[in-house]
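For ligands, and for the atoms within them, numbers begin at 1 and follow the listed sequence.
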Amino acid sequence: MPSSVTPSSVTPSSDTPAGDAATRAGGGDAPPEVRKESGQREVFCGLTSIVWLHRRMPDAFFLVVGSRTCAHLIQSAAGVMIFAEPRFGTAILGERDLAGLADANEELDRLVRDLLERRPEIRTLFLVGSCPSEVIKLDLARAAERLTQQMAGRVRVLNYTGSGIETTFTQGEDQALMALLPHLPASDEEQLLIVGTLADAVEDRFTTLFERMGLPRVRSLPPRRSTDLPPIGKGTRLLLAQPFLSATARALAHRGGQLITSPYPFGVEGSRLWMEAAAASFNLDPAAVAGVLDPLVERGRRAIEPHRQVLRGKRLFLMPDSQMEIPLARFLARECGMELVEVGVPYLDRQLMAAEQALLPAGTPLSEGQDVERQLDRVRAERPDLVVCGLGLANPLEAEGLATKWSIELVFSPIHGCDQAGELAELFARPLRRRELISFA
Ligand code: SF4
């Protein structure tokens with residue numbers, strides 16, 4: 001189990017070669033080559049995704065089965081979100097559980113029954129696995145089945161892992177959606193399914209825009225109510241709103257859904273291509289689509305402009321964290337004029353990232369995985385104008401005189417769509433502006 005908490009430092013279980021094949025990537029037709037690294041990582045584990053998932057589905061509860069470390073992590077990541085009626089918590093495995101002296105299953109059943117008695121509004125309970133529950137091989141899948149039966153249809157109990165051994169940060173959402181998947185009803189009706197958590201207002205906006213283009217049936221996964229699961233089948237076109245949903249995308253395709261290939265809806269360009277790809281897959285009239293999108297694009301570009309003035313020509317280094325790094329780098333390079341020093345990703349799904357990589361400036365250095373000390377050596381050697389990184393690295397780098405942007409904000413802020421492009425650019429311009437203000441004070 002990792003010893004540090006926020007962010008947790010874990011050594012990956014994969015045996016990715018620690019090769020140091022520094023290569024150039026991106027742009028053009030040739031498949032990009034990528035620097036692969038493994039070693040000490042400074043990333044969150046998948047438990048963190050509970051922080052945005054519980055907001056998305058207010059009728060669900062996320063019960064982590066783990067240690068005090070896990071409880072501390074969630075509480076720290078949730079920050080000020082301390083609720084009178086929290087929708088997440090931790091069943092803390094005590095020493096007797098870990099030593100195998102107590103029947104952890106019995107204790108878990110009792111705890112779940114108590115929780116559901118006190119909180120009758122809960123419709124779906126996620127038992128979320130952690131490093132300790134995995135190490136002692138607590139069978140949470142079986143526990144979920146057993147508890148669902150005991151609840152006699154009143155509550156659905158599901159299970160997935162958010163452990164640092166198995167998942168990095170946003171992969172927690174991928175795992176949570178995978179847990180919902182077997183419960184999606186089958187239907188071959190034509191529909192567009194947006195996959196990945198969006199802020200409610202952003203989702204409403206996309207739905208309205210698609211309706212105006214002539215596409216009436218748009219659904220989302222995850223839904224706003226955990227019991228309101230969208231159907232899946234041959235008539236479903238899958239449009240990924242987030243780039244980190246590899247397992248979910250493949251499982252949905254396995255159930256008949258057709259994946260729409262597109263860049264992700266970050267920035268004006270990405271959002272336009274994303275909506276156009278969906279419209280094309282339903283053969284919507286391109287003139288009607290352009291009629292909806294043109295004014296949005298125009299407005300979005302104007303909103304970006306003041307931030308572009310700050311960002312243009314600045315050198316950017318992205319440390320691996322959320323798998324959103326490549327789409328964000330593409331947006332910052334192409335629409336804000338930034339120069340990419342290195343784009344790090346925790347994992348690279350070449351299929352889901354192909355459309356994005358094709359838009360990266362030729363020769364963009366990409367890296368997959370992490371050996372944090374080596375990566376920091378490169379940061380120090382390059383002295384970029386802005387480093388996008390996790391909380392654990394941000395303040396130490398600031399102390400070394402480097403401007404940083406906390407990557408976690410990018411998963412908590414509404415950043416999708418043409419309407420949000422200005423705010424997205426502002427998130428990166430802000431630390432540079434602040435530095436300027438402080439140095440002139
Ligand atoms: S799941 Fe693992 S990495 Fe995450 S907080 Fe718990 S012990 Fe740490």
Donor on one side chain, acceptor on other, Thr197 and Glu173, under 3.5 Å: yes
Atoms in ligand 1 with a heavy atom of Ser163 nearer than 4.0 Å: 1 (S)
Atoms in ligand 1 with a heavy atom of Leu47 nearer than 4.0 Å: 1 (S), 4 (Fe), 6 (Fe)
Interfacing atoms of ligand 1 (cut-off 4.0 Å, heavy-atom, Cys131): 1 (S), 2 (Fe), 3 (S), 7 (S)
Tyr160 and Phe62 aromatic ring geometry - parallel, tilted or perpendicular at 30°/60° bounds: perpendicular
Contacting atoms of ligand 1, where contact means under 4.0 angstrom from a heavy atom of Gly164: 1 (S), 2 (Fe), 3 (S)
Ligand-residue contact atoms, ligand 1 with Ser130, heavy atoms, under 4.0 Å: 1 (S)
Closest heavy-atom pair and its distance - Pro320, Val345: CB-C, 3.4 Å
No-hydrogen, no-angle side-chain donor-acceptor test under 3.5 Å, Gln375 and Gln370: yes
Side chain, backbone, both or neither: the part of Cys70 lying under 4.0 Å from ligand 1 by heavy atom: both
Gln351 and Arg250 side chains, donor-acceptor separation under 3.5 Å: yes
Where ligand 1 meets Cys45 - atom numbers and elements under 4.0 angstrom, heavy-atom basis: 1 (S), 3 (S), 4 (Fe), 5 (S)
Test item: side-chain donor near acceptor, Glu203 and Ser220, under 3.5 Å: yes
